[in-house]
S.K.: 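What follows is a structure written as structure tokens; I'll ask about it next.
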Amino acid sequence: MTTKTAAITAVGGYVPEHVLTNAALAHMVDTNDEWIVSRTGIKERRILKPASLGTSYMAIAAGRDLIKKKHIDPATIDLVIVSTTTPDMPVSSTAAYVATSLGATNAFGYDLQGACSGFLFGMSAASAHIVSGRYKKVLLIGADTMSSIIDYTDRTTCVIFGDGAGAVLFEPNEEGLGLQDEVLRVDGKGREFLKIEAGGSMLPASSETVSKRQHFLHQEGRQVFKFAVSNMSSAIDQVLQQNQLANKDIDYVVAHQANKRILDAIAKNLELDYGQMLTNIERYGNTTAATLPLLLWDYESKLKKNQKLLFTAFGGGFTWGATYLTWAYNN
Ligand code: UT7
């Protein structure tokens, strides 16, 4: 027998203690608080220290937070998906290490690389695993240590990104609540605009790649901004139409936190009330795969059963999409 829907039944999160303020960044590169706040909406971001703790450290902390809050036995978890662009190591599954550290002794797991859309794509995977009827508890974690791939001499990227992790549990829902529909897309032509050139199969690490700073994230911000606004807006529009929903029917938009001006532009394009947009960019910056679950972590107490949520994200690749989900519980 197949289950009709898969719902989010618990949320956890973790952000590192160390706060990197705009004032501190102004001592590192030629920037200032006024530029960063007016162009991005970011006031501070969290940084994992020491970086050698790795992304798994934050993913495990977010998973533990969820397990403790929900009082679940980790041995009942069937699958752990870690959406990340910054795995602990290029080879060796971060999800395997996270699952074992959490005590998920009966689970399998895998890493999912969808850049800033990693958590959105992970929602699709988690839901499909549940709806197949084969699994009952899927732990989906979005976690990124962006500070490990950022060039702190490049003012165009170092002011934007931060570190963090968020976790959700997907379980079968008998009332038809949970993930309802999605529009997910990729466009490989976008990879020139947002990438790390070296360290992969095309350009393995060498002393030359290190000296040319090719292991850091490179972004053509203006181009990415343009595609982010138009693609997230059209994916949302399409998912609304597919489900005969008007924008006012949506309680909250859970949108990727890349730039406050992107959120403003999406709200304007879709005539959304800004109160419908959940935001925490001012405190964490862009935490890549962690932004969507960290929004749920911050706003969980506001969310009520049956409310309609729209998730949207855009990231390197390009990758993007929009997902319609009904919330399944009250706190
Ligand atoms: O999450 C994955 C997807 N990523 C995104 O969605 C990010 C999308 N892009 C953006 O958010 C924005 O493009 C940025 C925040 C990256 C940049 O903002 P912008 O308004 O697009 O700035 P710009 O690149 O057009 O640069 C405008 C000026 C330039 O100076 P000139 O050439 O006009 O003299 C930059 O050098 O601002 C300068 N600039 C800065 N000035 C002070 C760039 N970064 C900084 C900075 N501080 N940190």
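Both ligands and their constituent atoms are indexed starting at 1 by order of listing. Computed from a predicted model, the values in this text were never measured in an experiment.
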S.K.: Please confirm whether Gly221 comes within less than 3.5 Å of ligand 1 when only nitrogen or oxygen atoms on both sides are compared.
M.R.: yes
S.K.: Measure the distance from atom 25 (O) of ligand 1 to every protein heavy atom, then report the residue, atom name and distance (to 0.1 Å) of the closest one.
M.R.: Arg222 NE, 2.5 Å
S.K.: Using a plain distance cutoff, I'd like to know if Asn32 has any nitrogen or oxygen under 3.5 Å from a nitrogen or oxygen of ligand 1.
M.R.: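 In fact, backbone or side chain, Asn32 has no N or O that close.
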S.K.: Hey, any chance Val224 and Trp320 share a hydrophobic cluster, counting ILVMFWY side chains that come within less than 4.5 Å of each other, even indirectly?
M.R.: yes
S.K.: Counting heavy atoms only, which part of Phe225 comes closer than 4.0 Å to ligand 1: side chain, backbone, both or neither?
M.R.: both
S.K.: Examine Lys226 relative to Phe318 and say whether NZ or CZ is less than 6.0 Å from the centre of the six-membered ring and inside a 45° cone about the ring axis.
M.R.: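 Checked: cation-pi criterion not met.
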S.K.: Heavy-atom contacts under 4.0 Å between Ile160 and ligand 1: side chain, backbone, both, or neither?
M.R.: side chain
S.K.: Do Val82 and Tyr14 belong together in a cluster built from hydrophobic side chains that touch within less than 4.5 Å?
M.R.: no
S.K.: Determine, using the 4.5 Å side-chain heavy-atom cutoff (strictly less than), whether Leu310 and Leu296 are members of one ILVMFWY cluster.
M.R.: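 No; Leu296 is not reachable from Leu310 via cluster members.
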S.K.: Check whether any N or O atom of Arg39, backbone or side chain, sits under 3.5 Å from an N or O atom of ligand 1, and answer yes or no.
M.R.: yes
S.K.: Looking at atom 34 (O) of ligand 1, is any protein heavy atom nearer than 4.0 Å to it?
M.R.: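 No, there is none.
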S.K.: Applying a 4.0 Å heavy-atom criterion (strictly less than), which segment of Ile262 is in contact with ligand 1: side chain, backbone, both, or neither?
M.R.: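 The part of Ile262 near ligand 1 is the side chain, not the backbone.
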S.K.: Any protein heavy atom sitting closer than 4.0 Å to atom 29 (C) of ligand 1?
M.R.: no
S.K.: Report, as yes or no, whether the 6.0 Å neighbourhood of atom OH on Tyr57 holds more than 12 heavy atoms from other residues, nucleotides or ligands.
M.R.: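 Incorrect, the count does not exceed 12.
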S.K.: Heavy-atom contact check, 4.0 Å cutoff: does Ile36 meet ligand 1?
M.R.: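 No, Ile36 has no heavy atom closer than 4.0 Å to ligand 1.
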S.K.: Do Tyr135 and His129 have ring centres separated by under 6.0 Å?
M.R.: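 That pair passes the under 6.0 Å test.
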S.K.: Do Val29 and Val19 share a hydrophobic cluster, counting only Ile, Leu, Val, Met, Phe, Trp and Tyr and linking them when any side-chain heavy atoms are less than 4.5 Å apart?
M.R.: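 No; tracing contacts between hydrophobic side chains, which count when under 4.5 Å, never links both residues.
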S.K.: Surrounding NZ of Lys43 (heavy atoms of other residues, nucleotides or ligands, distance under 6.0 Å), is the total greater than 12?
M.R.: no
S.K.: Determine whether the side chain, the backbone, both or neither of Val159 has a heavy atom under 4.0 Å from any heavy atom of ligand 1.
M.R.: side chain
